[in-house]
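Have a look at the structure below before the remarks.
Sequential numbering from 1 along the given sequence is applied to the chain's residues. As the structure lists them, so they are numbered: ligands from 1, and atoms in each ligand from 1.
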Amino acid sequence: MNVLILGAGGREHAFSWKIAQSKKLTKLFIAPGNAGTAQVGTNVAIAADDFPAIKNLVLKENISLVIVGPEDPLVKGVHDFFLADPQLKNVPVIGPKKDGAQLEGSKEFSKKFMIKHGIPTAAYASFTKEQLAEGLKYLETVKPPYVLKADGLAAGKGVVILDNVKDAQQELTDMLAHAKFGEASSKVVIEQFLKGIELSVFVLTDGNGYVILPEAKDYKRIGEGDTGLNTGGMGAISPVPFAKGDFLKKVEERVVKPTIAGLKKEGIDYKGFIFIGLMNDGGDPQVIEYNVRMGDPETEVVMPRIKSDILELFEAVGQGKLSEKKIELDDRTCVTVMLVAGGYPGDYEKGKTMTGFETCEGSMLFHAGTKADGDKVVTNGGRVLAVSSIAPTMKEALANSFANAQKIKFEGKYYRKDIGFDLI
Ligand code: AMP
Ligand code: GLY
């Protein structure tokens with residue numbers, strides 16, 4: 001079959017790399033893709049949310065499966081667009097419709113959903129602009145730290161955690177009254193602070209059956225020792241050593257099953273990934289958030305651990321037959337170390353020539369922000385390259401990734417040399 005992936009990051013390169021190994025694949029297209037996806041498929045210069053152009057491509061290339069990488073096209077309704085079009089409606093889309101995408105698109109929706117369906121999560125209250133005065137008073141009644149979340153999509157920046165009530169009140173005012181995150185902060189969720197260690201669990205579902213993919217932990221801060229600004233993710237590890245069988249069983253029983261059942265009860269026919277951000281609160285899972293897509297850079301450690309043919313799983317999602325499938329996993333540890341542009345997550349430059357690819361051994365080099373420039377590869381984003389390695393132990397995998405991270409050269413390159421530091 002011919003397959004299309006929407007997106008342009010490391011997640012999409014990892015999907016492409018995995019799909020390219022499938023017996024079922026005839027031709028792979030990525031829109032818009034990057035210099036890495038071009039090594040395993042055909043890039044097409046179409047934005048991931050340009051629905052009419054995507055339609056033309058699907059018809060022209062006889063594409064029979066679409067995998068949506070980022071959340072944006074899902075929240076904008078790419079799956080609904082396919083279902084509403086007589087020529088596209090039989091092409092399966094991996095990714096929920098607008099109704100399901102609200103799990104990520106609205107924090108308030110996802111909190112209400114969790115409370116209603118008995119899924120463990122922090123207590124919360126939500127406030128609109130008109131309710132600012134109430135919100136300010138409410139902050140005086142809860143204990144610090146204060147967790148404030150813009151309701152809508154805010155490019156991963158919409159969560160602010162503050163220790164001081166005055167700062168929290170100022171932040172709430174900035175979000176609601178001064179539209180700090182634009183339309184996304186026209187409503188704000190204030191949440192109880194959860195203590196514990198974070199990890200993420202990924203589920204693929206056809207709305208009925210599901211398979212649980214390998215769990216992962218990512219490293220969000222720019223600085224070593226988890227310091228400094230938040231980023232899209234500086235590295236990831238799977239499996240997560242502290243997530244043993246017992247904890248994962250609780251996640252399946254208390255979170256995964258009620259989530260799938262809850263979606264069904266709400267009449268949401270959900271086909272795609274559910275990314276569950278969790279806090280391990282003394283051995284009990286608490287849900288921090290849902291995303292309606294795979295994580296990045298988590299995909300760069302999850303895909304290498306899947307032994308099953310991923311297109312067979314996606315095909316089963318399209319046919320509503322996922323409950324007949326089992327997923328086979330690699331028990332080894334996969335790690336990724338993200339190389340980023342100097343200055344990221346603040347201002348950074350693009351277009352830096354990258355060299356050293358051919359000197360790397362024993363790692364998978366997943367391109368995140370790169371593009372081809374003639375026969376050179378140049379940087380094209382803040383997060384540039386995910387260096388993933390799989391080995392019997394985390395230590396060996398990390399040693400490979402760090403060795404290869406050193407060999408790739410571009411001006412301003414930075415990476416965290418302590419990925420996994422908290423787990424060894
Ligand atoms: P989110 O965008 O919801 O994933 O939030 C971003 C980050 O903020 C999470 O990955 C957590 O590190 C942190 N966070 C969010 N909600 C809470 C909470 N209730 N308690 C503690 N930390 C939180
Ligand atoms: N790495 C976190 C995310 O993809 O949202």
Just checking F273 against F15, ring centres under 6.0 Å apart?
yes
Inspect the contact between D226 and R416 and indicate whether a charged nitrogen and a carboxylate oxygen are less than 4.0 angstrom apart.
yes
Does E252 have any salt bridge (Lys or Arg N to Asp or Glu O under 4.0 Å) partners at least two apart in sequence or in another chain, and if so, which?
K249
Can you tell me how the ring of F81 sits relative to the ring of F51, calling it parallel under 30°, perpendicular over 60° and tilted otherwise?
tilted
Tell me which residues fall inside the under-4.0 Å heavy-atom shell around ligand 2.
D218, G232, F275, R293, G295, D296, P297, E298
Could you tell me whether I161 approaches ligand 1 through its side chain, its backbone, both or neither, with non-hydrogen atoms closer than 4.0 Å?
side chain
Give me the nearest non-hydrogen protein atom to atom 10 (O) of ligand 1 as residue plus atom name, then the distance to 0.1 Å.
E198 OE1, 2.7 Å
Exactly one of K271, K24, K325 should register a salt bridge (Lys or Arg N to Asp or Glu O under 4.0 Å) with E315. Which one does?
K24
Hey, is the main chain of G69 close enough, under 3.5 Å, to the side chain of R293 for a donor-acceptor pair?
no
Within a distance under 4.0 Å of any heavy atom of K149, pick out the atoms of ligand 1 and give their elements.
3 (O), 15 (C), 16 (N)
Minimal heavy-atom distance between T336 and V301, with the atoms involved, is N-CG1, 3.4 Å
Can you sort out which atoms of ligand 1 are near E191, meaning under 4.0 Å from one of its heavy atoms?
16 (N), 17 (C), 18 (C), 19 (N)
Any chance you could lay out the side chain to side chain contact (heavy atoms under 4.5 Å, CB included) test for M175 and L148, step after step, and finish with the verdict?
CA-CA 9 Å; M175 283 196 192; L148 275 61; 4.0 Å; yes
Using a 4.0 Å cutoff against the non-hydrogen atoms of K107, which atoms of ligand 1 qualify?
1 (P), 2 (O), 3 (O)
Protein heavy atom at shortest distance from atom 8 (O) of ligand 1:
V159 CG1, 3.6 Å
Distance-only side-chain donor-acceptor flag, N400 / S363, under 3.5 Å
no
Considering both backbone and side-chain atoms of L194, is one of its nitrogen or oxygen atoms within less than 3.5 Å of a nitrogen or oxygen in ligand 1?
yes
Closest protein heavy atom (residue, atom, distance) for atom 1 (P) of ligand 1:
E289 OE1, 3.3 Å
At their closest point, which heavy atom of G277 faces which heavy atom of S200, and how far apart are they?
CA-OG, 4.1 Å
